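Ligands are counted one by one from 1 in listed order, and the atoms in each one are counted from 1 as well. All values reported here derive from a predicted model rather than from experimental measurement.
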Amino acid sequence: MFEIELKPEEFSLFRKYIYETVGISLSDQKSTLIKGRLNKRLNQLGMKSFRNYYDFLVQDTSGEELSFFVSAISTNVTSFFRESAQWTWLESYLPSLIASKREKKIRIWSAGCSSGEEPYTILMFLQHHLSDFDSWDIKILATDISHKVLSHAIKGHYEAKNVEPLPKEIVHRAFDKIRSENGISYQIAPHLREKVLFRKYNLVTDPFFFKNRFDMIFCRNVMIYFDDVTRHDLIGRFTTLLPKGAPLFLGSSESLTTHRETLKLLGSSIYQRV
Ligand SMILES: C[S@@+](CC[C@H](N)C(=O)[O-])C[C@H]1O[C@@H](n2cnc3c(N)ncnc32)[C@H](O)[C@@H]1O
């Protein structure tokens with residue numbers, strides 16, 4: 001592979017563009033990361049400089065290259081039932097949510113859903129805790145900026161090592177077991193898959209088009225790369241989509257220093273709309 005240098009002025013171009021389009025603020029130290037992670041991509045594309053790649057990135061109106069770039073510089077790490085304390089809290093919250101419903105309808109947004117483990121966990125959780133799950137109209141909106149993770153999520157096909165540690169009853173009800181020459185893997189069952197609407201959506205630049213509010217919003221481990229201004233703005237928009245009492249889930253390492261008048265911390269990075 002041909003080693004391509006990333007000049008400081010090229011890094012500045014990427015930094016400005018990524019901040020404006022994705023909200024990710026890259027520190028000077030990230031120059032080495034970009035060079036390291038994108039050298040292979042430049043070689044694949046037959047490009048000789050990062051300036052060429054920059055032009056290609058900004059001219060790609062499909063957003064495909066941007067989603068590739070974001071995946072290269074950030075993390076898509078996720079897992080089923082991540083942040084266990086939040087699921088325990090949700091167990092105690094669910095009865096009051098159910099009791100407050102006039103219509104048997106639940107709407108939830110998984111913002112920054114990566115490869116789908118988070119929205120599917122929400123459904124597994126609801127299926128496990130609602131005895132009349134099938135009679136509810138449940139829809140999960142699951143969005144991410146990355147095309148690559150979304151296509152994985154849409155397939156809903158997962159390796160045995162990520163599924164088999166889950167309680168057997170949940171695995172049995174939520175997945176179809178697949179046996180092939182490569183061994184065993186698991187496919188999300190169609191009755192759960194059809195309750196998720198996957199969409200490519202950039203939380204920073206795409207318009208907030210939502211007509212209805214959500215019973216809860218998950219935006220966990222997404223804003224870690226955003227600066228304060230971007231985070232503040234996004235949280236403000238989330239609050240407009242949450243009715244009084246509804247929870248907003250963030251990642252366990254994330255906390256809010258703003259919006260104290262509209263969002264109350266309940267613990268475990270769970271905030272409740274006041
Ligand atoms: C670490 S994963 C978190 C997945 C899941 N929420 C969880 O906590 O397990 C972060 C995801 O946020 C997505 N992301 C980053 N910036 C984004 C943006 N501006 N708009 C939408 N999604 C974004 C990434 O593509 C990635 O899939």
Side-chain angles (χ1 to χ4, degrees), residues 14-26 30 33-34 37 57 62-87 89-90 108-125 140-156 158 162-163 165-166 188 196-210 214 216-238 241 247-255 268-271:
F14 285 107
R15 171 148 62 189
K16 184 166 183 292
Y17 182 67
I18 287 306
Y19 180 68
E20 285 169 1
T21 52
V22 197
I24 294 178
S25 50
L26 297 166
K30 290 283 170 3
L33 179 114
I34 292 187
R37 298 217 178 146
L57 179 68
S62 73
E64 295 290 302
E65 197 56 33
L66 179 63
S67 89
F68 182 91
F69 188 92
V70 172
S71 296
I73 61 164
S74 62
T75 168
N76 300 118
V77 171
T78 184
S79 56
F80 293 109
F81 288 94
R82 189 176 193 184
E83 325 273 16
S84 64
Q86 296 189 337
W87 302 103
W89 178 86
L90 202 48
I108 298 173
W109 184 10
S110 165
C113 64
S114 191
S115 39
E117 285 84 338
E118 184 174 275
Y120 291 134
T121 297
I122 298 169
L123 287 171
M124 288 178 219
F125 172 89
I140 316 288
L141 172 68
T143 60
D144 202 284
I145 196 173
S146 161
H147 176 77
K148 191 169 158 217
V149 292
L150 280 174
S151 49
H152 183 183
I154 289 165
K155 283 190 200 118
Y158 299 96
N162 299 327
V163 174
L166 303 177
I188 283 289
V196 191
L197 180 68
F198 287 105
R199 283 281 177 277
K200 187 154 180 280
Y201 183 79
N202 183 340
L203 288 163
V204 177
T205 53
D206 284 342
F208 250 47
F209 55 83
F210 310 94
F214 294 96
M216 53 190 96
I217 297 177
F218 289 73
C219 186
R220 306 185 306 168
N221 309 297
V222 179
M223 294 185 283
I224 36 177
Y225 302 100
F226 296 176
D227 71 344
D228 289 346
V229 176
T230 310
R231 203 177 297 130
H232 179 85
D233 184 52
L234 183 57
I235 297 284
R237 285 182 282 146
F238 283 149
L241 297 175
L248 168 69
F249 297 88
L250 304 184
S252 58
S253 63
E254 300 168 294
S255 60
S268 307
S269 297
I270 305 164
Y271 290 82

Is a salt bridge present between Glu118 and Arg220, judged by a nitrogen-to-oxygen distance below 4.0 Å?
-> yes
Less than 4.0 Å from some atom of ligand 1, heavy atoms are found in residues Val22, Thr75, Asn76, Val77, Thr78, Arg82, Gly112, Ser114, Glu118, Asp144, Ile145, Ser146, Tyr201, Asn202, Leu203, Val204, Arg220, Asn221, Val222, Phe226
Judged by modelled atom types alone, do Thr230 and Asp233 share a side-chain donor-acceptor pair under 3.5 Å?
-> no
Check the angle between the aromatic planes of Phe218 and Trp87 and answer parallel, tilted or perpendicular using the 30° and 60° thresholds.
-> parallel
Parallel, tilted or perpendicular: which fits the ring planes of Phe80 and Tyr158, with parallel below 30° and perpendicular above 60°?
-> perpendicular
Ring-ring centroid check His147 Phe68, cutoff 6.0 Å | no
Residues at least two apart in sequence or cross-chain that pass side-chain hydrogen bond (donor to acceptor under 3.5 Å, both in side chains) with Glu65, listed by chain then number, are Arg41, Tyr53
